[in-house]
S.K.: 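Handing you this structure, nothing more for now.
No hydrogens, no waters, no symmetry mates; every other heavy atom, side chains included, goes into these values. Residue numbering restarts at 1 for every chain, and letters A, B, ... go by the order of the sequence lines.
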Number of protein chains: 2
Amino acid sequence: MSLRYAVMAALLEGEASGYDLAKGFDASVANFWMATPQQLYKELDKMRAEGLVQARVIQQERRPNKRLFSLTEAGRRVLRDFTAVPPRPGAIRDELMIKVQAVDAGDAEAVRAAVEERMVWAQAKIARYERLRARLLNGRSEEEYLSRSERVGPYLTLMRGLAFERENHHWGEWALAVLEQRSAATT
Amino acid sequence: MSLRYAVMAALLEGEASGYDLAKGFDASVANFWMATPQQLYKELDKMRAEGLVQARVIQQERRPNKRLFSLTEAGRRVLRDFTAVPPRPGAIRDELMIKVQAVDAGDAEAVRAAVEERMVWAQAKIARYERLRARLLNGRSEEEYLSRSERVGPYLTLMRGLAFERENHHWGEWALAVLEQRSAATT
DNA sequence: AGGCACATGTAAAAGGTTACATGATTGG
DNA sequence: CCAATCATGTAACCTTTTACATGTGCCT
């Protein structure tokens, strides 16, 4: 039921197609509420039927036509009401952590490799977030940016994502060291 | 589909009832794969039918009887196989972040209050994790604990949860400061 | 020639949430 | 006396995932 609000929050940045949203055209929302393309296309249809968004069809010649969605006034109102309601607690689902939890009864080498791969991903995400941050700041200091820009929400969530991935990476390096020492001891 | 593996990982700590699991009797697993009691009772039944766990009924006089579940050998094997498969990427779902993202077009005061309340929760979780950590370490240093204890998995995931909540709290304090400065400027 | 990017969708299956249902005991 | 804890479950509903389906253009 929250997917639609995530979509509306993303549309505050401007028009987007289902495809854009699916790719996480707005990196920040997608990082706290991921969705598959199928989910998005369906939800966007429902939202249009309810008048929360409007679609504008772009005719294309060498590509499939696309529909660009934007928020309607009704959508803005609904989104505003949503922000006023207390949020439910967040949920994390991470298979890797289940594997780490079970590492002592499992395949330690495979778990170690999985942690390592996750760290590569984390690095890539950090780099992406940092590029996005530089783009937003555009040479200004954070203080200046925060006091002058129209919106602060996207910056706040971006920094949350960045902090999360940095922490993740930090933890991973430590966990790898622990696991390596373990396997050295067992050998 | 991963719920069962989370359950099995939790059962590595020893026997537990559905009720125990629902409360997150093992704080660490529950923090990366939450589930409602209903989900657990159903899954435990299915797992027993498949021979992954076994149940032992405890007759009680002043309380409803309970069923204590434990891993079978087949369960252990399945769990081990699971650790050898590459995990899918983790997912976070957090309504609060959607609200923060939309704060500039929403009810800023309500969002601020929501962040504040989340920080209270984060504090509580940090305290809980720290107590759990102290209980595990039991006076020993981390280094000593990691080199001597049979299992390291639960400690690794516990530290991940702790780092996550600390980071969360840190971000929240900063976000509150940003939001307050904003509302002061608008007033 | 093969694979990815673009761009959309349908349908079925699996998984997760919410409401309902029971009922004694303990603590404030 | 009211709320919480213990302890289990069913049923209905909603959400999410996965598989299938289509077709062009661009890059290597």
S.K.: If a pair satisfies ring-ring contact (aromatic ring centres under 6.0 Å, His included) and one of its residues is in residues 69-128 of chain A, list it, with sequence neighbours excluded.
M.R.: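 Pairs touching residues 69-128 of chain A that pass the test: Y5(A)-F82(A).
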S.K.: Return yes if some donor-acceptor pair links the side-chain N/O of D20(B) with the main-chain N/O of S17(B) below 3.5 Å, else return no.
M.R.: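 It does hold such a pair.
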S.K.: For the backbone of L156(A) and the side chain of W171(B), can you confirm whether one donor and one acceptor N or O come within less than 3.5 Å of each other?
M.R.: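 Looks like yes, one N/O pair under 3.5 Å.
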S.K.: Determine the contact category for R4(A): base if any of its heavy atoms lies under 4.0 Å from a base atom, sugar-phosphate if only primed atoms, P, OP1 or OP2 are that close, otherwise nothing.
M.R.: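 No contact.
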S.K.: Check every nucleotide of DNA chain C for an atom under 4.0 Å from a heavy-atom of chain A, then give the first and the last such nucleotide from 5' to 3'.
M.R.: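 With heavy atoms of chain A under 4.0 Å away, the range is dA5(C) to dT18(C).
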S.K.: Does R148(A) come within less than 4.0 Å of E144(A), counting only side-chain N to carboxylate O?
M.R.: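 Judged by the 4.0 Å cut-off on N to carboxylate O distance, R148(A) and E144(A) do form a salt bridge.
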S.K.: Side chains of residues 123-133 of chain B: which donor-acceptor partners sit under 3.5 Å, not counting sequence neighbours?
M.R.:
| residue | atom | partner | partner atom | Å |
| --- | --- | --- | --- | --- |
| Q123(B) | NE2 | H169(B) | NE2 | 3.4 |
| K125(B) | NZ | N31(B) | OD1 | 2.8 |
| Y129(B) | OH | N31(B) | OD1 | 2.8 |
| Y129(B) | OH | N31(B) | ND2 | 3.0 |
| E130(B) | OE2 | R166(B) | NH2 | 2.5 |
| R133(B) | NE | Y155(B) | OH | 2.9 |
| R133(B) | NH2 | E142(B) | OE1 | 3.4 |
| R133(B) | NH2 | Y155(B) | OH | 3.2 |

S.K.: Would you kindly compare M34(B) and N65(A) by the position of their nearest DNA chain C nucleotide and give the one closer to the 5′ end?
M.R.: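 The residue closer to the strand's 5' end, by nearest nucleotide, is N65(A).
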S.K.: Write out all pairs satisfying salt bridge (Lys or Arg N to Asp or Glu O under 4.0 Å) with one or both partners inside residues 99-114 of chain A, taking only residues at least two apart or from two chains.
M.R.: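 Applying salt bridge (Lys or Arg N to Asp or Glu O under 4.0 Å) to every pair that reaches into residues 99-114 of chain A, excluding sequence neighbours, yields D104(A)-R151(B), E109(A)-R112(A), R112(A)-E116(A), R112(A)-E180(A).
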S.K.: For nucleotides 21-28 of chain D, give me one character per nucleotide, 5' to 3': B if any protein heavy atom sits under 4.0 Å from the base, S if the only such contacts are to the sugar-phosphate, - if neither.
M.R.: --BBS---
S.K.: Quick one: bend of the helix from dA1(C)-dT28(D) to dG28(C)-dC1(D) from 5 pairs per end, to 10°?
M.R.: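 The helix from dA1(C)-dT28(D) to dG28(C)-dC1(D) shows an end-to-end axis angle of 60°.
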S.K.: Calculate, to the nearest 0.5 Å, the distance between atoms CG and CG belonging to L44(A) and L21(A) respectively.
M.R.: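 The CG atom of L21(A) is 6.0 Å from CG of L44(A), to the nearest 0.5 Å.
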S.K.: Could you go through nucleotides 14-16 of chain D and list every protein N or O atom that sits under 3.5 Å from one of its N or O atoms, giving the distance for each pair?
M.R.:
| residue | atom | partner | partner atom | Å |
| --- | --- | --- | --- | --- |
| dT15(D) | OP1 | M1(A) | N | 3.0 |
| dT16(D) | OP2 | Q39(A) | OE1 | 2.9 |

S.K.: Which whole-number value in Å describes the distance from I58(B) CD1 to dC6(D) P?
M.R.: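 Result: 16 Å.
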S.K.: Quick one: salt bridge (Lys or Arg N to Asp or Glu O under 4.0 Å) pairs with a partner in residues 77-88 of chain B, sequence neighbours left out?
M.R.: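 Those involving residues 77-88 of chain B are E95(A)-R88(B).
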S.K.: Among pairs that include at least one residue of residues 29-63 of chain A, which meet ring-ring contact (aromatic ring centres under 6.0 Å, His included), considering only residues two or more places apart or in two chains?
M.R.: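 Every pair satisfying ring-ring contact (aromatic ring centres under 6.0 Å, His included) with a residue in residues 29-63 of chain A: there are none.
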S.K.: Could you tell me which residues satisfy salt bridge (charged side-chain N to carboxylate O under 4.0 Å, His left out) with R67(A), sequence neighbours excluded, listed by chain and number?
M.R.: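 Per chain and number, R67(A) pairs via salt bridge (charged side-chain N to carboxylate O under 4.0 Å, His left out) with D45(A).
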S.K.: Kindly state which residues belonging to residues 13-23 of chain A come within less than 4.0 angstrom of DNA chain C, counting heavy atoms of the residue only, listed by number.
M.R.: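 Only S17(A), G18(A), Y19(A), K23(A) qualify.
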S.K.: How about L11(B) and L79(B): do any of their side-chain heavy atoms sit closer than 4.5 Å?
M.R.: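 No - every pair of side-chain heavy atoms lies 4.5 Å or more apart.
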S.K.: Checking R135(A) now: which residues fulfil salt bridge (charged side-chain N to carboxylate O under 4.0 Å, His left out) with it, not counting sequence neighbours?
M.R.: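 Testing R135(A) for salt bridge (charged side-chain N to carboxylate O under 4.0 Å, His left out), a comparison that skips the adjacent residues, returns none.
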